[in-house]
> 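The structure is given below, and queries will be raised subsequently.
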Amino acid sequence: MEDTRAALLGDSDADAEERPTLDVGTDDDDPIERSRRKRRNRKVLIVTLVLLLVPMLAVGGYLVWLNQIVSNNVKQSELLPNGGPLDANGNVVPQVIGTGTNYLIIGNDAGPDRQGARSDVMVLVHVPADHRDVTMIHFPRDLWVPIPGKGEAKLNASYAWGGAPLLVKTMQNMLGVKIDHVAMLGFEGFKNMTDAVGGVDVNVEEASKGDGKVFKQGIQHMDGETALVFVRQRYMLSEGDISRGKRQLAFVKALMLKTLSKDVLTNPIKLKDFTEAATSNLTVDQNLDVADMRAEAFAMRNLRGGDVRFITAPFSGFGTSKDGQSIDIVDKGRMSDLGKAIREDTLESYQ
């Protein structure tokens with residue numbers, strides 16, 4: 001061991017017993033001794049730097065590896081339309097600068113290549129400029145809304161008719177808010193992410209059973225398969241799609257908090273597995289790159305449960321369309337208030 005240590009420090013057999021130090025000597029030192037000390041000091045500094053850099057390079061290499069996984073897996077597509085929101089008269093709705101970022105999360109069982117599929121999950125995530133909190137807004141798929149170029153129909157019909165760009169247009173016009181980015185993820189991706197972090201603890205507001213699963217009120221630990229059943233159930237819930245939307249938000253919140261926890265962020269295996277699961281079935285818009293995703297995740301690293309709020313987009317009740325469809329009726333006044341709160345970054349005061 002001593003020989004190895006001496007070799008690492010660059011000591012000769014003659015001076016191995018005298019461990020090198022970083023003293024600079026005095027003016028009375030012999031010139032030869034001063035030269036030997038300088039050489040030893042340089043060697044000690046070099047070895048110290050190497051020992052410090054090894055873990056740093058390992059971490060750096062790991063982060064590069066994660067970055068490569070994301071870059072290879074995430075697909076970009078033309079999910080955003082040209083232009084921002086228009087009012088009922090076709091005029092552009094002015095936007096306030098510096099009021100945060102709006103992300104639309106679209107989830108479904110179909111995958112991006114299945115034509116005519118309707119979106120099962122539509123959640124608008126507002127991240128304020130100071131990243132102090134996050135608001136997730138669930139938009140029921142049965143909201144009866146004007147769809148550009150199509151007339152009135154259920155909100156998720158816009159996705160079936162025109163993909164993400166038409167859905168974004170529809171929601172922008174309804175709210176008067178610019179949607180900055182879009183992310184599409186199949187339900188299988190949610191399942192894999194849940195398993196990658198070791199499961200999540202979800203708050204179950206309404207008990208139910210079915211598909212081989214039993215959900216009781218309170219906090220329940222769920223693996224990926226259980227979580228998938230939890231967010232899919234609809235008909236046995238008291239408010240159908242509305243109740244399902246609340247479940248989806250509760251699950252997304254639990255998954256986000258688990259992902260940002262030290263248990264995941266400081267565990268290289270879990271972080272790698274989650275990154276793989278989260279990105280292998282993910283499609284984002286043409287303007288969202290890996291650097292933006294990484295920066296946003298880092299900015300939200302201090303979020304806690306109380307910092308994440310989820311609400312349902314306002315509707316005034318249930319009804320039937322002229323062609324006999326069961327629909328959710330939009331509360332236009334409160335929807336306007338919601339859009340204003342998002343535009344002005346004042347969602348904390350929205351009721």
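None of the values given here were measured: they were computed from a predicted structure.
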> Any side-chain to backbone donor/acceptor pair from E152 onto P146? Under 3.5 Å, distance only.
no

> Just by modelled atom types, is the K191 backbone N or O under 3.5 Å from a matching donor or acceptor in the E225 side chain?
no

> When you group the ILVMFWY residues by side-chain heavy-atom contacts below 4.5 Å and let the links chain together, are L265 and V200 in the same group?
yes

> Would you call K246 and E239 a salt bridge, using N to O less than 4.0 angstrom?
yes

> If you measure only the distance, is there a donor-acceptor pair under 3.5 Å linking the side chains of D331 and S316?
no

> Any side-chain donor-acceptor pair under 3.5 Å between Q286 and E78?
yes

> If we ignore hydrogens and angles and just use 3.5 Å, is the side chain of K178 paired with the main-chain N or O of P94 as donor and acceptor?
no

> Give me the atom names and distance for the closest heavy-atom approach of K169 to P148.
CB-CG, 4.2 Å

> Got a sec, which residues hit side chain to side chain donor-acceptor pair (under 3.5 Å) with D130, two or more places apart in sequence or on another chain?
R132

> Exactly one of R247, K216, K213 should register a side-chain hydrogen bond (donor to acceptor under 3.5 Å, both in side chains) with S208. Which one does?
R247

> Regarding D263 and S261, do their side chains bring together a donor and an acceptor under 3.5 Å, going by distance alone?
no

> Mind checking what makes side-chain contact (heavy atoms from CB on, under 4.5 Å) contact with N102, not counting sequence neighbours?
L124, H126, V177, D180, I342

> Which atoms form the tightest heavy-atom contact between L282 and A183, and what is the distance?
CD1-CB, 4.0 Å

> Please give me the minimum heavy-atom distance between T170 and L155, naming the atom from each residue.
CG2-CD1, 3.8 Å

> Can you see which heavy atom on V231 is nearest to which on Q248, and at what distance?
O-NE2, 3.5 Å

> Which heavy atom of T275 sits nearest a heavy atom of L271, and at what distance?
OG1-O, 2.7 Å

> With distance as the sole test, does T99 use its side chain to make a donor-acceptor pair with the main-chain N or O of R343 at under 3.5 Å?
yes

> Residues two or more places apart in sequence or in another chain: which of them pass side-chain contact (heavy atoms from CB on, under 4.5 Å) with R234?
R141, D142, D241, R244

> Would I147 end up clustered with L104 when hydrophobic side chains under 4.5 Å apart are linked, directly or stepwise?
yes

> Centre of Y350's six-membered ring, under 6.0 Å away, within 45 degrees of the axis: is that where NZ or CZ of R309 sits?
no

> Do F230 and F251 have ring centroids that are under 6.0 Å from one another?
no

> Is a side-chain donor-acceptor pair under 3.5 Å present for N73 with E276?
yes

